[in-house]
Amino acid sequence: MSCAVDSNVCIAILRNKAPMVARRLADEFAAGRTVALPSIVLFELRYGIERSPRPDHNRRQLEALLKAPFRHLPFEEEDAVIAARIRADLAAAGTPIGAYDMLIAAQALRHGLVLVTANQGEFRRVQGLTLADWTTPS
């Protein structure tokens, strides 16, 4: 099944902290499966670079990662509709999640993608969202 990657997946690869995550990403590409990179994730990564003590180094690392055949997901009007519903549902339940996570979840739901993240606690609150964690053996 096709998937979308969360920021923490990309960060783990960029920092070389989780070789199993990088290996799994490479396996997904090699198998011809779609791996989506939500525009919100790209924003989070670029924001982190701007705040880092080594922005040039980190920018080069990100540019190298972006050479992979990701499907880039721009945030569109339909994503906004789904995100608004998610926010309203979670607010009514008293279980809100971070604003960016909500937008990423909306994109994954809209496109029918499994969201790959190590942040299962937040995303588990979003009804209908399918999650995977590549930091644990499958």
Side-chain angles (χ1 to χ4, degrees):
M1 178 175 239
S2 299
C3 66
V5 292
D6 188 18
S7 305
N8 54 48
V9 171
C10 296
I11 291 167
I13 293 167
L14 292 170
R15 292 184 177 167
N16 202 23
K17 295 282 184 184
M20 71 286 246
V21 174
R23 198 167 31 256
R24 178 68 186 268
L25 180 63
D27 290 347
E28 294 295 306
F29 288 134
R33 288 189 276 278
T34 298
V35 179
L37 182 67
S39 57
I40 306 305
V41 169
L42 188 54
F43 155 74
E44 288 182 314
L45 296 171
R46 292 200 179 276
Y47 175 65
I49 287 169
E50 294 303 320
R51 295 201 53 205
S52 76
R54 302 180 332 164
D56 292 334
H57 168 78
N58 292 334
R59 197 172 292 111
R60 283 190 302 276
Q61 282 189 305
L62 178 59
E63 294 307 321
L65 178 64
L66 293 177
K67 289 180 181 174
F70 288 106
R71 174 181 170 209
H72 292 273
L73 290 182
F75 193 83
E76 298 176 338
E77 184 175 350
E78 295 88 354
D79 301 317
V81 170
I82 294 169
R85 189 190 76 234
I86 292 169
R87 184 172 185 189
D89 290 349
L90 294 177
T95 58
I97 64 173
Y100 301 132
D101 288 345
M102 181 181 38
L103 300 175
I104 293 164
Q107 286 192 288
L109 279 172
R110 176 178 166 227
H111 293 279
L113 302 169
V114 172
L115 181 61
V116 180
T117 182
N119 187 7
Q120 301 266 324
E122 276 273 295
F123 287 110
R124 197 174 288 122
R125 299 179 205 158
V126 178
Q127 193 165 42
L129 185 61
T130 303
L131 303 172
D133 183 351
W134 289 351
T135 63
T136 59
S138 48

Exercise. Rounded to the nearest 0.5 Å, what's the gap from NE2 on H57 to CG on L14? Could you check?
Key: 9.0 Å

Quiz item: Does L66 belong to the same Ile/Leu/Val/Met/Phe/Trp/Tyr cluster as V5, with side-chain heavy atoms less than 4.5 Å apart forming each link?
Solution: yes

Practice problem: Apply side chain to side chain contact (heavy atoms under 4.5 Å, CB included) to F70 and L42, showing your working. | Solution: CA-CA 11 Å; F70 288 106; L42 188 54; over 6 Å; no

Practice problem: Rounded to the nearest 0.5 Å, what's the gap from OG on S7 to CG on D101? Could you check? | Solution: 7.5 Å

Quiz prompt | Salt-bridge contact E44-R51 (side-chain N to carboxylate O under 4.0 Å) | solution = no

Quiz item: What do you reckon, is CD of Q120 surrounded by more than 12 foreign heavy atoms closer than 6.0 Å?
Solution: yes

Quiz item: Do R59 and D56 sit within salt-bridge range, that is, some charged N less than 4.0 Å from a carboxylate O?
Solution: yes

Quiz prompt | Heavy-atom side-chain contact between I40 and M102 under 4.5 Å | solution = no

Exercise. To the nearest 0.5 Å, tell me how far L90 CG sits from T95 OG1.
Key: 4.5 Å

Exercise. Taking all non-hydrogen atoms of both residues into account, name the closest pair between P38 and A36 and its distance.
Key: CD-O, 3.6 Å

Quiz item: Does L103 share a hydrophobic cluster with V81, counting links as ILVMFWY side-chain heavy atoms below 4.5 Å and allowing steps through other members?
Solution: no

Self-check item: Any donor-acceptor N or O pair under 3.5 Å, side chains N119, D6
Solution: no

Practice problem: Flag the pair L65 / C10 as yes when at least one side-chain heavy-atom distance between them is below 4.5 Å, and no otherwise. | Solution: yes

Quiz item: Can V35 and R71 be said to form a side chain to side chain contact (heavy atoms under 4.5 Å, CB included), step by step?
Solution: CA-CA 6 Å; V35 179; R71 174 181 170 209; over 6 Å; no

Self-check item: Sub-6.0 Å ring centroid separation between F43 and F75
Solution: no

Quiz item: Do C3 and W134 have side chains that get closer than 4.5 Å, going by heavy atoms?
Solution: yes

Practice problem: For N8 and A118, indicate whether the former's side chain and the latter's backbone hold a donor-acceptor pair under 3.5 Å. | Solution: yes

Quiz item: How far apart are the closest heavy atoms of L129 and A105, and which atoms are they?
Solution: CD2-CB, 3.8 Å

Quiz item: H111 versus D79: any side-chain heavy-atom pair under 4.5 Å?
Solution: yes

Quiz item: Is D89 reaching over with its side chain to a backbone N or O of I86, donor-acceptor style, under 3.5 angstrom?
Solution: no

Quiz item: Do side-chain atoms of Q107 reach the backbone of L73 as a donor and acceptor pair under 3.5 angstrom?
Solution: yes

Quiz item: Salt bridge check: are E28 and R24 linked by an N-O gap of less than 4.0 Å?
Solution: yes

Quiz item: For P96, does its backbone N or O pair with a side-chain atom of R125 as donor and acceptor, under 3.5 Å?
Solution: yes

Quiz item: Do D133 and T135 have a side chain donor and acceptor closer than 3.5 Å?
Solution: yes

Quiz prompt | Value rounded to 0.5 Å, distance of CZ in R124 from CG in L115 | solution = 12.0 Å

Quiz prompt | Reported CZ-to-CD1 distance for the pair R23 and I13, which is rounded to 0.5 angstrom | solution = 11.5 Å

Self-check item: Atom pair CD1 (I104) and OG (S39), whose distance is rounded to the nearest 0.5 Å
Solution: 9.0 Å

Exercise. Would you check if the side chain of E122 reaches a backbone N or O of I97 as a donor-acceptor pair within less than 3.5 Å?
Key: no

